[in-house]
Amino acid sequence: MEKEKIKSFIKTNIVPIIFIIMCISMIMISGVGLNFLANELYRRIIRNTIMIIALLIPIMAGMGINFSIIIGALCTHFAAIIIIDRQIDGAIGVISVFVLAQIIAFICGNIIGYILNKAKGREMITSIVIGLLGTSIYTLVFLAGYGTIIKPHNPSIMLSTGIGVQTMIDLMPLKEVIVENPYIPIVFIVVATFITKYLMGTQFGVKLKAIGDNMNNAYSLGIDVDKMRRYAIVVSTMLASASQLMFILNIGSINVYTGHLNVDVFACASILAGGATLNKASLKNVFLGVILFHTMFIVSPMAGKVLFSNVAIGEYFRSFVAYSTIIISLMINIYNEKEEELS
């Protein structure tokens, strides 16, 4: 019986176990100091945790990984550029970015939810395409539309031609708020955690779980499936928007055209590294995943330098880890689902 329990535990938690072994090995190989690791890990937790939390509600609704959270990140970039262009600084500027980003995210979330309801069973691939389309539209607006159709108010953020926004925009007038009040990111994470936990326990969460377990049964119970699924994507997009705000304020600048790229992939890899599956995830998976995945991200270049005298190999290993985590987790999920069907 004990052997069966151990076997079941290993089978259920194989991905986190692999990551724990890899993290310990990399830390030992790299010889990184624990103080340095703790400081770097804290920064990454501040930047990325809410983005991973944003994946929970759609998974509960049976929609798999919501790769369209990248649209939430774009909503924050859009809002931040508008506010910087209007030269609104300090706490008022941060609040303005947050409110404007949430409004845009709410609108975009409803649109994305509507589209995903038309693609039931193919939500993940559809959300990837939505993310790519959103990136293209966003780039077109700020690279070609700003300075032509949209009149800029702050020439310092524009390219020398007067058309298009610069690649990097300084956010120090807004970051000062976070520097003076370093507890704000922690408050954001705590609030996002409690909101998600609360929603999971409400009638809203019960309905989403019913939809995720069996959509046909949910229909027969009188649940408005399309509306609930749309709400799930709205919540996810708004949380992703809040996460990206913490990210750019922590860094102190916006990489306008590439700063949002891979936020979906890294969030997906993190939650899967924490032991989540495509149809089951919890806050425990979120916090374990963000620690394991980003520990690997920090130490892998240093381990690569020690092993191969080449930091670049460690940098390539980061991308390898992110994508391999997703692939391995998908393969394990499919294998476990087939075993359950056979049993």
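Only heavy atoms go into these numbers, but all of them, side chains included; no hydrogens, no water, no symmetry mates.
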I'd like to check the side-chain hydrogen bond (donor to acceptor under 3.5 Å, both in side chains) partners of [X]; sequence neighbours left out, ordered by chain and number.
X    : value
T126 : none
T76  : S241
N117 : R229

* To do: Could you walk me through whether Q244 and H77 pass side chain to side chain donor-acceptor pair (under 3.5 Å), step by step?
  => CA-CA 8 Å; Q244 191 68 7; H77 282 203; 3.0 Å; yes

Mind checking what makes salt bridge (charged side-chain N to carboxylate O under 4.0 Å, His left out) contact with [X], not counting sequence neighbours?
X    : answer
D226 : K120
D213 : K209
R43  : E40

Which donor-acceptor pairs under 3.5 Å do side chains of residues 49-57 form with protein atoms, sequence neighbours excluded?
residue: T49; atom: OG1; partner: I45; partner atom: O; Å: 2.6

* Asked: Same cluster for V187 and F98 if Ile/Leu/Val/Met/Phe/Trp/Tyr side chains link at under 4.5 Å?
  ->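 Looking at the clustering, F98 is in the same group as V187.
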
* Are M215 and V206 in one and the same hydrophobic cluster, where Ile, Leu, Val, Met, Phe, Trp and Tyr link if side-chain heavy atoms are under 4.5 Å apart? ->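 Different clusters: M215 never reaches V206 through Ile, Leu, Val, Met, Phe, Trp or Tyr contacts under 4.5 Å.
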
* Which residue pairs pass the salt bridge (charged side-chain N to carboxylate O under 4.0 Å, His left out) test when at least one of the two sits in residues 245-270, sequence neighbours left out? ->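 The answer is none; no pair qualifies.
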
Could you list the donor-acceptor pairs under 3.5 angstrom formed between side-chain atoms of residues 129-146 and any protein atom two or more places apart in sequence or on another chain?
residue: T135; atom: OG1; partner: G131; partner atom: O; Å: 3.0
residue: T135; atom: OG1; partner: H260; partner atom: NE2; Å: 3.3
residue: S136; atom: OG; partner: L132; partner atom: O; Å: 3.0
residue: Y138; atom: OH; partner: V256; partner atom: O; Å: 2.7
residue: T139; atom: OG1; partner: T135; partner atom: O; Å: 2.8
residue: Y146; atom: OH; partner: D85; partner atom: OD2; Å: 2.7

Can I get a per-line list of side-chain donor-acceptor pairs under 3.5 Å for residues 191-201, giving both atom names and the distance, sequence neighbours left out?
residue: T193; atom: OG1; partner: I189; partner atom: O; Å: 2.7
residue: T196; atom: OG1; partner: A192; partner atom: O; Å: 2.8

Is there a side-chain contact between [X] and [Y] (heavy atoms, below 4.5 Å)?
X    : Y    : result
F106 : V235 : no
I251 : R47  : yes
I20  : I24  : yes
V97  : V94  : no
R86  : N154 : no
M302 : F36  : yes

Under 3.5 Å, side-chain donor or acceptor atoms of residues 58-69 against the rest of the protein: list the pairs with distances, not counting sequence neighbours.
residue: N66; atom: OD1; partner: S68; partner atom: N; Å: 3.2
residue: N66; atom: OD1; partner: S68; partner atom: OG; Å: 2.4
residue: N66; atom: ND2; partner: S236; partner atom: OG; Å: 2.9

Using residues 174-181 as the side-chain source, report each donor-acceptor pair under 3.5 Å to any protein atom, sequence neighbours left out, with the distance given to one decimal.
residue: K175; atom: NZ; partner: N250; partner atom: O; Å: 3.1
residue: N181; atom: OD1; partner: Y183; partner atom: OH; Å: 3.2
residue: N181; atom: ND2; partner: V177; partner atom: O; Å: 3.0

